[in-house]
Structure formats: structure tokens, C-alpha cells
2 protein chains.
Amino acid sequence: MKKQSYHHGDLRSALVETGLRLLREKGDGDIGLREVARETGVSATAVYRHFPDKDALLHALARAGYEKLFDAQEAAAAGKPDREQAFRATGQAYVHFAVANPALFGLMTAYMPAAGEEEALALSTESRAGVSLRENIAALMPEGSGRRAQDIAAIQAMALVHGLAQLVIGGQVPNDPELIDAAVDQFGDWRHSHAQAES
Amino acid sequence: MKKQSYHHGDLRSALVETGLRLLREKGDGDIGLREVARETGVSATAVYRHFPDKDALLHALARAGYEKLFDAQEAAAAGKPDREQAFRATGQAYVHFAVANPALFGLMTAYMPAAGEEEALALSTESRAGVSLRENIAALMPEGSGRRAQDIAAIQAMALVHGLAQLVIGGQVPNDPELIDAAVDQFGDWRHSHAQAES
DNA sequence: ACGCCAATCTTAACAATGTAAACATAGCGA
DNA sequence: TCGCTATGTTTACATTGTTAAGATTGGCGT
């Protein structure tokens, strides 16, 4: 399997793969260009044939992470009975993915695609997650909801899962899957919830 | 005002101050130990008389940031008519502070005090913000709310403001103070909001 | 008032990092 | 087969965090 010829064959993919592995193994999120090259069995400057600089390498890693996240979200949504449950499942999948891959998630947030100036809400006309979020919000909001109300709801949904992920990773919220799912599920009725689910 | 004697007098405070200044000036959050020392007009290794390593210096900066944040939150809450408005004001102050000081806020989240294992909810018996958050939640929740429901509500509140701050800083949500305030204010009734504030 | 001591700051040095420049290898088309 | 170009390598440099050894000085006991 190992080609140890002078030319590697497909180095770019190999670098991304070892990068993901290092992010999985080391708790802290800071990986080095030299470290990735060394672990791939290649010399440091070889990286520059495939990435203009370290930032580009990390950007590629973040991009790979986003695709994994989207896959996980789609898998979680698939097979849910109604749209609302599917929507909540995507939110829970977001948090669970982040908690399961803290270093990678950190990179992803550090290299989050900043939205263009033209769009009022930035999350985001280009990404799969952005459009599906908007669709779901629009479908689940009450009938007469205006554009602005939908924007706010979308922002709240994004902020909740994103913030929750960070809090669990940071250790401010205990890593309890039931608690996480409940926090996402009960989004929207925190002042109205009288029943306390004793499971 | 400038002592240029061999001994600086109060170097530790000076280092923290220039650290805060650098975080304010440079957009990206990564400041170096040598950079702080150089800008303070002192040699790099002098830092080690006051901090065991770079991490300790950054930790002190984060700590200073938290105190500023708490002050801002208290100032925002002061003078509000009822408790609910005061509570929402603290949430808005959190986001506004983060957006106004993105690099410092990044450090703060990176060095967030992880909660001890013993407490179910981690935010937190030690910090001012933690207790006031719990008090407010308990006071604003409906009468028969159980402990778990309060925990979930507190987590949701923290996650919302924290995530919102990150999204605005990251550029995924436009930096519009009215939008931010609305997203915090309308927390809890995203599916029930029919009226759209055309302000 | 004097002397020394311990706290504070300095310079010198080391390993590791990101990156640029110059050189080496080999796969592939003429 | 020859040579060109894509792909790696070695070397070198500036910068960083950190340690070790030496310089400076404010303050305390006598």
C-alpha cells in the first residue's frame, strides 16, 4: 500500500487525512505544518506544492470537517417522521459532532466562511446547511411570520446549537447527551415549560 | 510618568495592560509573549518573573476581560425597571461586549474556567455571572418549574448569547445592534411570535 | 550610614516553527 | 530516447517560547 517512491502520488489528500487524524488524537487544536508533513512521511516544504501556506492547509481541514458535519446532520435527519423532528435532529447532530470532534470543530469555527455583505442573514446562501436551515425555519414558523421574524428565528437556532457546542466543549456544561438533546428540543418554550421530563 | 529605571515598579500590571491594548488593536487574537514584552519596553524574559509561562499571561488577560465583561453587564442591568428587562440587558451586554472586543473575547472563551465535576451545571458557583444567571432564571421561570427545567433554561440562555456572539464575530450574522437585541429579547418565543416588530 | 541580599531585569543560547531559495528526481509526452 | 515540468528535498533565515547565567538595584538589618 505504501508507495515510497520519490513522488507520493496523491499527497494533498494524504496531508488532509493526517491532519484530521492529528486533530482527532491531540486534544488541543493547534497542529503545525511541519508536524503534519513529518507524520505524513514527507518533508515540510513539500506541503507548499499543494497549499500556498499553513492557513490554506488548515482551511482545507476545516472544509473537510464541514462536509463530515453535513453528512452527520443529513444522516440524523433521515428517517425522522415529521419535519420538526428532523430539524431538531440536525441541531442535536451539530452539537454531538462538535463534542465528538472538539479540535476539528475549533478549526471549523476559526475558519468559518464569512458571509458576503449583500445578504442580510449570512448562514448562508452557499452552504447546504444554510439553505436547509432557512427552509426548515420557514416551514415551521407560524403562518403570518415576516421575513425578519424568520431571520431572527434562524439566528437563534444557529446561536443555540453553536453556543451549546462550545459550552460543552469548554466544560461549562456537562457532556450529558440527554441534557444536550433536551436543551435543543425545548428550544422555544423555556418560559412555558411546566412539565419537567423525568425521562 | 515614565520610570526608566532598571526596575519597572509594577511590571505585571503593565504587561496586562499592553496585552489588552494589543488585543484591542490587532484584529486576530494571537499575541506573542515577546511582542507584549517588546511593546512594554522590557526584555522578553522579564515576563517570567511575573508569569510562569505564556499561558499564565494569557490567562491573566482573560481574567481581566471577564471582570470588564461583568462590569458591563452590571452597568447594563442597573436602572432597568423590572427583573426581566434587567436579565435580558445582561444578555445583550454580553453579546455587545464580545462584538466590541473580539480578540479579547476569543481569549476569554479559550481560557474559560472549566467547572468542577461536582456541580451538575457548571456556570457556575464561583463566578458572579453564574449565580446571577441562576437567580434570574429561577425568578423568571413559571412557578412549578423543577430543577432540571431551570438548568436547561440556564443552559439555553448561556448558549444563545455565547453562540450569537461568536456568529456575529465570525461574520455569519450581520453586526446589527437592533437585530442582536431582538434575537436576545425574543428568546423563548420564536414559534409564537406573530407580530414582527417593524420598529 | 553602610553593606549585602534577594528581587528584578538583562543578554546569550537552544529547540521548534513557518517560509523562501536552490537543487534533485522522476513520470510522461515529443 | 530526450528533455520538460511537476513534485520532492536540503539548506537557510527570521521569529517564537523558554532556560541558564550574569547584571542592577531597592530595601533591610546592623
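In what follows, chains are A, B, ... by sequence order, proteins preceding strands, each numbered from 1.
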Original post:
Across the strands shown, which category fits R38(B) at heavy-atom distances under 4.0 angstrom: base, sugar-phosphate, nothing?
Top reply: sugar-phosphate
Subject >> Polar pair under 3.5 Å, donor/acceptor by atom type, side chain T45(B), base dT19(D) >> reply: no
Subject >> Nearest-Å distance for atom pair CG/C1', residues L11(B) and dC9(C) >> reply: 9 Å
**OP:** State the CD-CD1 distance between E178(B) and I152(A), to the nearest 0.5 angstrom.
**Re:** 10.0 Å
Original post:
OP1, OP2 of dA6(D) versus side-chain N and O of H50(A): anything below 4.0 Å?
Top reply: no
Subject >> For atom CD of E39(A) and atom C1' of dA16(C), their distance in whole Å >> reply: 16 Å
Original post:
In whole Å, what is the span from the CG atom of D10(A) to the P atom of dA6(D)?
Top reply: 17 Å
Subject >> Atom-pair distance (CG on L15(B); C1' on dT8(C)), nearest Å >> reply: 13 Å
Original post:
Distance from N175(B) atom CG to I169(B) atom CD1, nearest 0.5 Å?
Top reply: 9.5 Å
Subject >> Listed nucleotide nearest any side-chain atom of R34(B), set dT10(C), dT19(C), dG17(D) >> reply: dG17(D)
**OP:** Enter the distance from L133(A):CG to T90(A):OG1 here, rounded to the nearest 0.5 Å.
**Re:** 7.5 Å
Original post:
Taking the six-membered ring where the residue is Trp, are the ring centres of Y94(A) and F105(A) under 6.0 Å apart?
Top reply: yes
Original post:
Taking atom P of dG18(C) as reference, at what distance in whole Å does atom CD of E35(A) sit?
Top reply: 9 Å
Subject >> Contact nearer the 5' end of DNA chain C, comparing R49(A) with L33(A) >> reply: L33(A)
**OP:** Could you state the atom-to-atom distance from NZ of K54(B) to C1' of dT15(D) in whole Å?
**Re:** 12 Å
Original post:
Rounding to a whole Å, what distance do you find between D30(B):CG and dG18(C):P?
Top reply: 13 Å
**OP:** Look at Y48(B) and dT18(D) and indicate whether a side-chain polar atom (N or O) is within less than 4.0 Å of OP1 or OP2.
**Re:** yes
Original post:
What distance do T18(B) atom OG1 and R24(B) atom CZ have between them, rounded to the nearest 0.5 Å?
Top reply: 10.5 Å
**OP:** Nearest whole angstrom, please: distance from the P of dA16(C) to the CD1 of I31(A).
**Re:** 18 Å
